[in-house]
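Numbers for residues simply follow the sequence, beginning at 1.
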Amino acid sequence: TPIKSTIADRIEMRVDLGHSLAKANDLEQTSFGYDFRYRGETRLINFDIDASTSSSETDPSSTRVFSNFSYHRFLEQLDWNPVGIGQLERNDELGIDRRVSYGGGMARYLRDTNQSRIAFGGGLIRSFEDDAGSSETTKDTEALVTMNLEWFRYDEPELDVTMAFTAYRRLSGSKE
């Protein structure tokens with residue numbers, strides 16, 4: 001993977017803002033998205049946040065916020081590299097006041113060429129969830145498996161397609 005010469009050139013950021021209003025039912029929606037990516041010789045740092053609110057005459061207002069942080073450390077001696085993960089979520093429609101998750105695992109590039117990249121990984125996540133209307137906190141331990149697929153082309157027209165798949169399996173949980 002080519003690494004750019006300055007720190008500023010190694011950073012990619014994107015900000016999305018949106019607002020819509022449907023007059024028929026007075027549905028109003030606002031959205032915000034932010035993505036940050038830093039790729040150095042020995043590390044990859046990703047942070048993203050996706051938030052939206054909606055309200056209408058007939059339905060109650062709802063808010064959804066999801067943020068994700070990941071830190072990948074590349075080790076020369078190993079094919080598998082350590083990954084740290086942190087997530088924060090709120091979703092009124094699902095009744096989640098707050099869900100905090102953190103964990104880690106290992107990841108590996110199965111393919112890494114000038115046109116495509118395929119990464120596979122797995123690990124453990126610990127989650128703490130506060131549900132709306134409940135004074136109890138749910139604590140879960142989950143296993144996860146991830147697959148990231150990327151296709152890119154540097155010629156005109158430039159192309160960059162990324163897909164990420166993550167499957168979670170609950171291993172244990174309790175209400176305390």
Short side-chain donor-acceptor distance under 3.5 Å, T166 and T146: no
Atom pair CD1/CH2 of I118 and W151 - distance to nearest 0.5 Å: 7.0 Å
Side chains of S127 and E142 in contact at under 4.5 Å (non-hydrogen atoms): yes
From L88 atom CG to S67 atom OG, the distance as rounded to the nearest 0.5 Å: 4.5 Å
Over 12 non-hydrogen atoms of neighbours within 6.0 angstrom of CZ in R37: yes
Partners passing side-chain hydrogen bond (donor to acceptor under 3.5 Å, both in side chains) against D50 (at least two apart in sequence or in another chain): R64
Derivation of the side chain to side chain contact (heavy atoms under 4.5 Å, CB included) call for I49 and V65: CA-CA 7 Å; I49 186 168; V65 178; 4.3 Å; yes
Rounded distance (nearest 0.5 Å) linking atom CZ of F128 with atom OH of Y102: 4.0 Å
More than 12 heavy atoms from other groups under 6.0 Å of CG on L75: yes
Inter-residue atom distance E129.CD - E136.CD, 0.5 Å rounding: 12.0 Å
Results of salt bridge (charged side-chain N to carboxylate O under 4.0 Å, His left out) for R108 - residues two or more places apart only: D79
Side-chain heavy-atom pair L27, L21 within 4.5 angstrom cut-off: no
CD-OG1 distance between E150 and T113, expressed to the nearest 0.5 angstrom: 10.5 Å
Step-by-step side chain to side chain contact (heavy atoms under 4.5 Å, CB included) determination, I85 to I125: CA-CA 8 Å; I85 302 164; I125 293 284; 4.1 Å; yes
Pair S52, S31: side-chain N/O donor-acceptor within cut-off below 3.5 Å: no
Plane angle bin for Y34 and F47 - parallel if under 30°, tilted between 30 and 60°, otherwise perpendicular: tilted
Side-chain donor-acceptor contact under 3.5 Å, R111 with S116: yes
Salt bridge D92-R90, side-chain N to carboxylate O under 4.0 Å: yes
Heavy-atom side-chain contact between D131 and T138 under 4.5 Å: yes
Distance-only side-chain donor-acceptor flag, T137 / D130, under 3.5 Å: yes
Partners passing side-chain contact (heavy atoms from CB on, under 4.5 Å) against T42 (at least two apart in sequence or in another chain): R73
Approximate separation, where rounding is to 0.5 Å, of S56 OG and D26 CG: 8.0 Å
Minimum side-chain heavy-atom gap T53-Q29 below 4.5 Å: no
Evaluation steps, side chain to side chain contact (heavy atoms under 4.5 Å, CB included), between Y109 and W80: CA-CA 8 Å; Y109 285 112; W80 290 86; over 6 Å; no
Within 45° cone of Y71 ring axis and under 6.0 Å: R43 NZ or CZ: no
Flag side-chain contact, heavy atom, 4.5 Å: M13 against Y38: no
